[in-house]
2 protein chains.
Amino acid sequence: MTNVTTAATESGDEPTPPARRARGEQTRQLILETALRLFRERGYAETTMRAIAKEAGVAVGNAYYYFDSKEHLIQGFYDRNQADHRAASGPALAGSADFADRLRGVLHAGIDVNAPYHSFAATFFKSAAEPSSPLSPFSRESSPARDASIGLFRDVVEGSSAKIDPELRKELPELLWLGWMGVILFWVYDKSPDQRRTRRLIDGAVPLIDRLVALSRLRVLRPALRQILALIESVRRDD
Amino acid sequence: MTNVTTAATESGDEPTPPARRARGEQTRQLILETALRLFRERGYAETTMRAIAKEAGVAVGNAYYYFDSKEHLIQGFYDRNQADHRAASGPALAGSADFADRLRGVLHAGIDVNAPYHSFAATFFKSAAEPSSPLSPFSRESSPARDASIGLFRDVVEGSSAKIDPELRKELPELLWLGWMGVILFWVYDKSPDQRRTRRLIDGAVPLIDRLVALSRLRVLRPALRQILALIESVRRDD
DNA sequence: CGCCCTACTTGAACGCGTTCAAAGTTGTGC
DNA sequence: GCACAACTTTGAACGCGTTCAAGTAGGGCG
């Protein structure tokens with residue numbers, strides 16, 4: 001774990017906050033790094049806040065000064081993972097203009113990136129499932145990571161040579177992201193060696209999606225497509 | 001099968017114990033009833049094991065004699081809910097032979113039954129999301145409730161006049177159950193008044209499913225259907 | 001320099017889910 | 001009746017996440 005924060009803390013001119021003390025930010029990073037390391041080494045449930053504090057050389061209360069709860073520490077994991085996913089998707093997005101290739105590449109890259117955390121991800125996944133939790137992929141707190149992820153699928157669509165119905169094209173990135181959440185859900189439950197069932201799911205589903213997307217321009221299917229898009233729209237309304 | 005887990009599990013087919021002592025079963029029911037009542041009144045997280053014990057007039061430890069954990073109390077909720085769902089589906093299943101009507105009726109009945117528990121269901125949903133949890137809808141412990149639920153959707157299919165591709169017909173109950181899990185997932189996250197977005201989702205999705213199922217018999221779509229069924233099969237393999 | 005203000009830090013304490021050794025209760029065989 | 005074993009019940013105690021009143025420190029201003 002390389003300390004990425006030094007550069008930021010050394011500069012004496014921070015933009016938004018009063019640039020007076022960067023000491024706190026150092027402690028914050030220290031606690032976060034320590035926590036993520038222990039999560040990886042021992043698992044989430046087995047890592048106590050007391051252990052994190054002790055290992056980081058601070059008091060328990062100090063961790064709560066920087067993080068609202070133990071769960072909030074995972075948000076850092078999310079953010080880093082999202083960045084890794086984009087990086088790992090680079091080759092696939094640069095290598096082909098074929099929609100199916102691009103989608104398959106990004107999905108497999110996502111699984112690659114998450115693979116080392118399979119067992120540990122499963123245990124903290126339960127936190128993410130609670131709708132009111134800030135860790136939920138649908139929560140306001142997760143929206144930066146979510147938007148970044150949707151952006152990744154926007155790149156899949158926009159960089160592809162596929163001819164797509166314009167109305168569908170608009171919705172497709174978010175729909176693909178939703179599908180990706182489904183894949184992650186499947187992956188979390190996947191106990192097969194190397195999660196190969198998830199790989200098969202991706203390889204099998206991508207051609208189907210590809211064909212479905214291509215069919216979206218057929219005039220015969222226009223009413224059906226419209227109906228689906230209308231359903232999505234009507235379901236999205238309200239709050 | 002190997003029912004060695006706790007002394008608390010149903011002793012229905014165990015050979016050894018003399019069936020004389022049913023006194024424990026009374027206490028077990030008392031604790032369960034009290035717990036579910038308090039969950040409904042105060043919510044899951046806000047109901048403490050101490051409060052359940054006090055309200056039931058027993059010691060905390062006694063609750064743990066019959067239930068491995070606070071989460072295990074929810075299994076009772078599951079079972080009852082499943083029975084209620086079937087009962088509430090009666091009219092819809094008796095009233096029409098139209099596939100869409102039957103499916104819509106069963107789905108709405110399921111939401112009706114769960115509605116009183118919406119806020120509390122959301123908090124216990126996080127337990128269900130953990131793959132290793134016995135509360136997971138895919139777990140071995142949940143298989144009785146799961147099988148019963150799949151059976152409900154089998155009734156939807158078998159009692160309907162819809163003409164369905166025979167291969168699809170075989171898989172359809174389980175697929176509909178999976179879809180039902182998706183609806184529940186959506187419902188848990190649905191914060192609109194009376195969860196009306198979930199109602200709209202059902203009303204919008206049912207005709208689409210109905211049409212899709214009807215199309216399954218078209219010869220042109222046979223290869224596509226085969227491909228989908230093959231994907232399901234290939235993903236199901238392994239463990 | 002010295003004082004203040006505020007960002008930061010502390011650790012005891014709280015209530016929680018859970019455990020467990022001990023005690024109580026009850027049916028059965030002698 | 002008695003003793004024994006199995007079943008049931010108890011509540012103090014443990015370790016956890018979390019809170020909070022109290023303390024510390026270091027830059028800015030007089």
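The shown structure was predicted, so the numbers you read here are calculated from the model rather than taken from an experiment. Letters A, B, ... are given to chains in the order of the sequence lines, protein chains preceding strands, and every chain is numbered from 1.
Residues satisfying the ring pair (Phe, Tyr, Trp, His ring centres under 6.0 Å) criterion with A:His85, sequence neighbours excluded, are A:Trp180. In this structure A:Asp194 satisfies the side chain to side chain contact (heavy atoms under 4.5 Å, CB included) test with no other residue, sequence neighbours excluded. Residues forming a ring pair (Phe, Tyr, Trp, His ring centres under 6.0 Å) with A:Tyr64 (at least two apart in sequence, or on another chain): none. For A:Tyr117, the ring pair (Phe, Tyr, Trp, His ring centres under 6.0 Å) criterion is met by A:Phe77, A:Phe120, not counting sequence neighbours. Contacts of B:Val60 classified as side chain to side chain contact (heavy atoms under 4.5 Å, CB included), with partners at least two apart in sequence or in another chain: B:Arg50, B:Ala53. Under the ring pair (Phe, Tyr, Trp, His ring centres under 6.0 Å) criterion, B:Tyr189 pairs with A:Phe138, sequence neighbours left out.
Straight-line distance from the CD atom of A:Glu71 to the C1' atom of D:dC16: 14 Å, rounded to whole Å. A:Asn62 has its CG atom 14 Å from the C1' atom of D:dT18, to the nearest Å.
Checking the phosphate oxygens (OP1, OP2) of C:dT19, no side-chain nitrogen or oxygen of B:Tyr64 falls inside 4.0 Å. Checking the phosphate oxygens (OP1, OP2) of C:dC8, a side-chain nitrogen or oxygen of A:Tyr65 falls inside 4.0 Å.
Residues from residues 48-57 of chain A lying near DNA chain D, meaning a heavy-atom separation below 4.0 Å, are A:Thr48, A:Met49, A:Arg50 in numerical order.
Projected onto DNA chain C by closest heavy-atom contact, B:Glu46 and A:Tyr66 fall at different nucleotides, the more 5' of which corresponds to A:Tyr66. Residue whose closest nucleotide on DNA chain D sits further toward the 5' end, between A:Gly61 and B:Val60: B:Val60.
Using a 4.0 Å heavy-atom distance criterion, A:Phe67 is classed as making no nucleic acid contact.
Helix bend of the helix from C:dC1-D:dG30 to C:dC30-D:dG1: the angle between its two end axes, each built from five pairs, comes to 20° after rounding to 10°.
Looking at A:Asp203 and A:His108, their side chains do bring a donor and an acceptor atom within 3.5 Å of each other.
The list of salt bridge (charged side-chain N to carboxylate O under 4.0 Å, His left out) pairs with a residue in residues 69-81 of chain B, not counting sequence neighbours, reads A:Lys126-B:Glu71, B:Glu33-B:Arg80.
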